[in-house]
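Below: one structure, written as structure tokens.
Residue numbers start at 1 and run along the sequence shown.
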Amino acid sequence: MGSTPPVFIGAEEVEKHLHRASLLLPALEAALANFSAGAAGGVVQPVRTVLPVPRHGGYLGVMPAYSAADDALTTKLVTFYEHLKDSSVPSHQATVLLFDPSNGTLKAVLDGSVITAKRTAAVSAIATKLLMPAFAEVLCILGAGVQAYSHYDIFTELFTFKEVRIWNRTQEKALKFASSVSGPVRVCSSAQEAVTGADVIVTVTMATAPILFGDWVKPGAHINAVGASRPDWRELDDELMKNSVLFVDSRDAALTESGDVILSGAEIFAELGEVLKGTKPALPEKTTVFKSLGMAVEDTVAAKFVYDAWSAGN
């Protein structure tokens with residue numbers, strides 16, 4: 001009588017199936033384009049609901065989505081806490097629930113932290129492929145948390161940089177990062193030193209005020225702005241936001257959630273999906289910013305990819 005209980009796919013198992021985030025690129029490119037196609041694209045996804053936990057300085061985000069092209073239905077639950085006393089607890093923790101879209105049965109509960117790290121880095125890589133200058137030699141990463149590692153992995157897999165630089169507010173974490181990744185990384189003592197002359201910049205910080213300034217940035221550089229996911233948090237200053245061509249994953253989300261977009265008053269030029277569909281140009285010769293907030297449908301296609309791979313192996 002009873003229905004089959006949902007499977008649990010933990011972090012190690014997710015990591016095994018997503019050992020290279022680049023495996024997600026085709027599905028994510030299709031999902032971004034489908035999202036930007038509106039109703040015809042078959043992606044149903046509200047802007048995430050974020051519930052504050054004021055007593056503890058945290059947030060709970062709820063991110064449901066359905067993708068008709070994948071016939072996949074998921075919701076992600078993600079918590080993020082700004083300034084944890086216990087640094088052994090990650091700032092972001094997540095779980096993805098995968099449902100059978102034909103009858104609503106819960107099929108799987110997946111660790112969402114690995115999925116979030118991998119899909120976010122993969123989407124930044126898609127943006128970079130489209131928007132970076134033709135001869136990009138220097139990659140700069142600001143921040144040394146989970147997203148720094150996932151971005152480093154896919155960026156060094158897909159692109160050839162002559163130099164990789166990192167800066168972090170606490171240098172100890174930057175040094176640890178440099179010693180644990182596969183290739184040479186230059187640890188910089190200031191954000192300005194890291195950014196000066198860089199062709200591709202990735203900001204993956206928990207900053208709430210700007211740490212990247214327009215007058216440091218080389219003309220024609222491409223920036224993936226991944227942190228600052230609240231309407232009153234910033235990573236980039238007004239000058240950079242206003243003097244760059246601004247791309248986003250979702251217009252609605254950026255105008256609701258991104259302090260960098262809302263507080264600078266910068267004009268959004270295009271969604272990434274519009275560039276992938278060919279309805280908006282990429283403009284790699286300009287200074288470009290991709291403001292990444294992360295979308296539920298990215299978790300949907302990533303969770304389905306992992307679940308399908310897990311099922312095939314079982």
Side-chain angles (χ1 to χ4, degrees), residues 21-22 24-25 28-29 32 92 116-133 136-161 163-168 177 185 191 194-195 197-207 210-214 216-229 233-237 240-241 243-250 253-254 257-261 264 266 268-276 282-284 286-295 298:
S22 56
L24 291 173
L25 292 174
L28 285 170
E29 288 186 352
L32 289 161
H92 290 62
T116 302
K118 300 276 188 177
R119 64 79 156 146
T120 305
V123 171
S124 294
I126 292 167
T128 301
K129 189 171 67 170
L130 295 166
L131 303 174
M132 73 178 180
E137 296 187 341
V138 179
L139 170 66
C140 160
I141 301 173
L142 303 181
V146 171
Q147 288 287 359
Y149 287 89
S150 59
H151 279 75
Y152 175 88
D153 287 344
I154 191 167
F155 276 54
T156 52
E157 179 195 339
L158 295 181
F159 311 115
T160 309
F161 294 104
E163 186 183 16
V164 181
R165 305 173 189 163
I166 187 165
W167 169 82
N168 192 61
F177 178 96
V185 174
V195 166
D199 301 291
V200 175
I201 300 164
V202 179
T203 61
V204 279
T205 73
M206 287 296 282
I211 45 118
L212 179 60
F213 296 86
W216 300 349
V217 174
K218 176 179 174 177
H222 170 63
I223 297 108
N224 298 293
V226 179
S229 56
W233 294 3
R234 298 290 299 265
E235 283 188 313
L236 280 50
D237 78 336
L240 181 54
M241 288 300 298
N243 296 326
S244 306
V245 183
L246 177 58
F247 297 81
V248 297
D249 39 19
S250 157
E257 297 181 338
S258 167
D260 282 329
V261 175
S264 68
I268 296 167
F269 176 71
E271 289 179 345
L272 202 49
E274 295 177 298
V275 181
L276 288 162
L283 307 176
K286 305 264 197 210
T287 306
T288 52
V289 169
F290 170 56
K291 177 57 215 161
S292 162
L293 285 158
M295 299 200 296
E298 298 164 6

Inset, instruction - Answer whether the closest heavy-atom distance between the side chains of Leu283 and Phe269 falls below 4.5 Å. - result: yes
Legend entry - Shortest non-hydrogen contact from Ala207 toward Ile211: CB-CG2, 4.0 Å
Legend entry - Ala282 to Val275 - nearest heavy-atom pair and separation: CB-CG1, 3.8 Å
Inset, instruction - Look up atom OG in Ser250 and atom CD in Glu271, then write down how far apart they are to the nearest 0.5 Å. - result: 5.5 Å
Inset, instruction - Identify the two heavy atoms, one from Val248 and one from Ala254, that lie closest to each other, and give their separation to 0.1 Å. - result: CG1-CB, 3.8 Å
Inset, instruction - With rounding to the nearest 0.5 Å, note down the distance linking CD1 in Ile201 to CE in Met132. - result: 14.0 Å
Inset, instruction - Any chance you could measure Ile126, atom CD1, to Leu131, atom CG, to the nearest 0.5 Å? - result: 11.0 Å
Legend entry - Donor-acceptor under 3.5 Å (Arg165 side chain, Ala194 main chain): yes
Inset, instruction - Check Ala144 against Phe177 and note the closest heavy-atom contact, atom names and distance. - result: CB-CB, 4.4 Å
Legend entry - Heavy-atom check, side chain of Ser292 versus side chain of Thr120, under 4.5 Å: yes
Inset, instruction - Would you check, one step at a time, whether the test side chain to side chain contact (heavy atoms under 4.5 Å, CB included) holds for His151 with Val204? - result: CA-CA 9 Å; His151 279 75; Val204 279; 4.1 Å; yes
Legend entry - Contacts of type salt bridge (Lys or Arg N to Asp or Glu O under 4.0 Å), residue Arg234, not counting sequence neighbours: Asp238, Asp260
Legend entry - Flag side-chain contact, heavy atom, 4.5 Å: His92 against Thr116: no
Inset, instruction - Specify the closest pair of heavy atoms between Ala148 and Ile141, including all atoms of both residues, with the distance to one decimal. - result: CB-CG2, 3.9 Å
Inset, instruction - Could you check whether the rings of Phe161 and Phe159 sit parallel, tilted or perpendicular, using 30° and 60° as the cut-offs? - result: perpendicular
Legend entry - Min side-chain heavy-atom separation Leu25-Leu158 under 4.5 Å: yes
Legend entry - Flag, side chain of Glu235 to backbone of Thr205, donor-acceptor distance under 3.5 Å: yes
Legend entry - NE2 on His222 to OG1 on Thr288, rounded to 0.5 Å: 5.0 Å
Inset, instruction - Determine yes or no for a side-chain-to-main-chain donor-acceptor pair under 3.5 angstrom, with Lys291 supplying the side chain and Ala225 the backbone. - result: yes
Inset, instruction - Output the distance between atom CZ (Arg119) and atom CD1 (Ile154), rounded to the nearest 0.5 Å. - result: 13.0 Å
Inset, instruction - Apply side chain to side chain contact (heavy atoms under 4.5 Å, CB included) to Val146 and list each qualifying residue two or more places apart in sequence or on a separate chain. - result: Ala117
Legend entry - Pairwise side-chain contact, Asp199 with Val138, heavy-atom cut-off 4.5 Å (strictly under): yes
Legend entry - Steps toward side chain to side chain contact (heavy atoms under 4.5 Å, CB included) verdict (Val289, Leu246): CA-CA 5 Å; Val289 169; Leu246 177 58; 3.9 Å; yes
Legend entry - Thr128 and Val202, any side-chain heavy atoms less than 4.5 Å apart: no
Inset, instruction - Return yes if some donor-acceptor pair links the side-chain N/O of Thr287 with the main-chain N/O of Gly220 below 3.5 Å, else return no. - result: yes
Inset, instruction - Of all the heavy-atom pairs spanning Ser124 and Val226, show the shortest one and how long it is. - result: OG-CG2, 3.8 Å
Inset, instruction - Would you check if the side chain of Asn224 reaches a backbone N or O of Phe290 as a donor-acceptor pair within less than 3.5 Å? - result: no
Inset, instruction - First locate atom CD of Glu298, then atom CG of Leu32, and finally report the distance between them rounded to the nearest 0.5 Å. - result: 5.5 Å
